[in-house]
Number of protein chains: 2
Amino acid sequence: MATDPARTLALLWRVEQPAGTRGPRRGLDLDDVVARATALADAGGPDGLAGLSVRALARELGVAPMTLYTYVPGREELAALVVDAAYAAMPRRDTSGLGWRERLTAVAEENLALHRAHPWAARVDPGRPVLGPGETAKYEHELAAFDELATLAGLDDVDRDAALTFLLDVTRAAALVEQHTADTGDAGAWWAARAPVLEQVLDPGRFPRAVRVGAAAGAAQQSARDPDRAWRFGLARVLDGLAALIG
Amino acid sequence: MATDPARTLALLWRVEQPAGTRGPRRGLDLDDVVARATALADAGGPDGLAGLSVRALARELGVAPMTLYTYVPGREELAALVVDAAYAAMPRRDTSGLGWRERLTAVAEENLALHRAHPWAARVDPGRPVLGPGETAKYEHELAAFDELATLAGLDDVDRDAALTFLLDVTRAAALVEQHTADTGDAGAWWAARAPVLEQVLDPGRFPRAVRVGAAAGAAQQSARDPDRAWRFGLARVLDGLAALIG
DNA sequence: CCGTACGCTGTACAACGTACTCCGTACAGA
DNA sequence: TCTGTACGGAGTACGTTGTACAGCGTACGG
């Protein structure tokens with residue numbers, strides 16, 4: 001694999017070289033390839049993007065595996081395209097004019113919706129930016145939501161970025177927990193399979209808080225009444241923490 | 001693979017059935033296997049745990065690949081053992097008696113140290129608890145750091161868990177960003193490889209904030225002066241957000 | 001009308017996890 | 001002391017992965 005960053009970026013932004021007109025016409029469209037890959041990843045559950053295989057995608061597209069390599073340099077670049085396309089497809093509420101708390105809440109909700117639509121998105125390494133058009137548009141939109149807060153709190157650009165990262169981190173983490181409880185399905189079965197060993201081993205004398213709090217948190221997460229209490233807790237804490245920056 | 005949760009838990013807690021005394025003695029120690037696996041994962045960088053292979057570990061231990069399957073049911077369980085061992089090995093400062101801000105800061109710093117020692121630890125899915133002795137001890141220790149805050153703010157057990165999750169999420173996210181800038185190594189080279197395309201494509205008219213803030217944040221992360229500013233920002237926000245719960 | 005650039009594919013290789021089968025060891029019971 | 005058997009370990013093999021390479025056929029530029 002080349003893994004040439006410039007080539008990957010050119011692919012993401014669709015600024016490939018003209019690609020001479022000789023030979024047979026392409027049978028596929030890059031956007032179709034990415035759309036099908038996204039569907040496959042979605043079908044693959046939380047690890048759908050990691051589990052996305054070139055061969056499976058080729059089968060889906062009715063094409064030989066190696067054919068995909070004329071569209072995309074390799075698996076890694078394909079994943080980047082899928083991620084960026086998901087970012088590009090996010091609905092972005094126009095919240096200009098609203099208060100900063102509402103704007104930040106909207107951003108958080110949009111990201112929560114993303115993670116619900118594409119469970120694998122929560123496993124994308126946030127430390128490795130894709131720098132594609134989708135991610136850039138998302139970044140621009142979300143930074144705009146901080147306009148009022150940045151003014152009120154006197155945030156410079158570095159802090160504005162940190163504040164956004166802060167908000168997204170908490171949202172992603174909440175999505176991961178939510179997915180786990182959803183995957184678990186029958187919560188009783190999950191615990192039932194583990195209880196025999198845990199009862200033998202989780203000594204309330206050694207781990208008083210862990211046993212008590214773990215049981216409470218586990219029960220709360222699985223209660224249908226309050227599925228996203230941790231999420232709302234985190235969001236409220238984020239907003240309060242940022243509010244403390246204001247004068 | 002069996003992937004029997006009870007078997008995995010028994011393995012983690014070392015409460016395997018006695019295992020009759022017939023036949024040759026075991027040539028390896030499970031703890032050694034896990035220690036070597038940890039070393040291999042550490043050497044593998046950020047994706048070291050995902051990239052840890054049974055064959056490579058067997059080679060390292062001077063043993064046939066299949067031999068490892070008499071110690072561990074499969075790759076997944078091996079990974080769980082590695083993770084739990086890393087949690088178990090974390091130094092845990094005794095901060096009882098200190099103020100809650102100091103105690104929470106200590107917890108955050110311990111986790112940051114973990115992520116620095118084992119970059120792969122930041123990629124462990126926090127939604128899928130391992131429930132081993134290491135994780136349990138870590139959980140107990142960290143919950144204890146919230147004792148004073150829970151009293152002052154009237155946190156119930158569910159909120160206490162959520163608050164801890166909140167703190168750890170922000171820490172993990174900061175570690176991921178830090179790792180990225182560390183991996184990047186020569187920051188100039190990273191940007192240089194991407195600049196030609198980005199300059200062509202990042203229109204400051206379309207993405208005014210993204211271009212401006214992105215540049216500032218990128219520069220700040222790579223400045224040696226202020227490597228963990230985002231981390232301290234996040235931690236301060238967490239503490240302020242939690243402080244708002246008091247009275 | 002040809003040469004050539006290009007889309008596409010079949011084959012092949014290295015690496016992976018792990019199921020199955022066998023071998024030799026060393027203890028339990030006689 | 002002898003023997004049956006439980007058990008640790010290893011060799012082989014299968015199906016999977018990403019992708020390098022070489023060839024084939026198509027359709028346009030000259």
To the side chain of B:R55, which of D:dT19, C:dG17, D:dG9 is closest? C:dG17
Rounded to the Å, how far apart are B:L57 CG and C:dT18 P? 13 Å
Are the side chain of B:W120 and the backbone N or O of B:H115 linked by a donor-acceptor pair below 3.5 Å? no
Separation of atom CZ in B:R75 from atom C1' in D:dT16, rounded to whole Å: 14 Å
Residues forming a side-chain contact (heavy atoms from CB on, under 4.5 Å) with A:R75, sequence neighbours excluded: A:L52, A:V54
What is the ring orientation for A:F166 with B:F166, classed by angle as parallel under 30°, tilted 30 to 60°, or perpendicular over 60°? tilted
Within the side chain of B:E135, is there an N or O that forms a donor-acceptor pair under 3.5 Å with the backbone of B:L131? yes
Counterpart residues, side chain to side chain donor-acceptor pair (under 3.5 Å), relative to A:Y139 (two or more places apart): A:D161
Measure CG/B:L61 against C1'/D:dA10 and give the value in whole Å, please. 15 Å
Each nucleotide N or O in nucleotides 23-28 of chain D that has a protein N or O under 3.5 Å away: list the pair and distance.
residue, atom, partner, partner atom, Å
D:dC28, OP1, A:R25, NH2, 2.5

Could you state the atom-to-atom distance from CG of A:L30 to C1' of C:dG7 in whole Å? 15 Å
Output the rounded distance in Å from CG (B:L49) to P (C:dG17). 12 Å
How about B:R128 and A:Q179: does a side-chain donor come under 3.5 Å of a side-chain acceptor? no
The side chain of B:V54 is closest to which nucleotide in this list: C:dT18, D:dG9, D:dG18? C:dT18
Among C:dC8, D:dA10, C:dC16, the nucleotide that comes nearest once only the side chain of A:R26 is considered: C:dC8
Interatomic distance where CG belongs to A:L78 and P belongs to D:dT19 [whole Å]: 10 Å
In whole angstroms, the gap separating C1' of C:dC13 from CE of A:M66 amounts to 12 Å
Nearest-nucleotide pick for A:Y71, side chain only, options being C:dC8, D:dG18, C:dG17: C:dC8
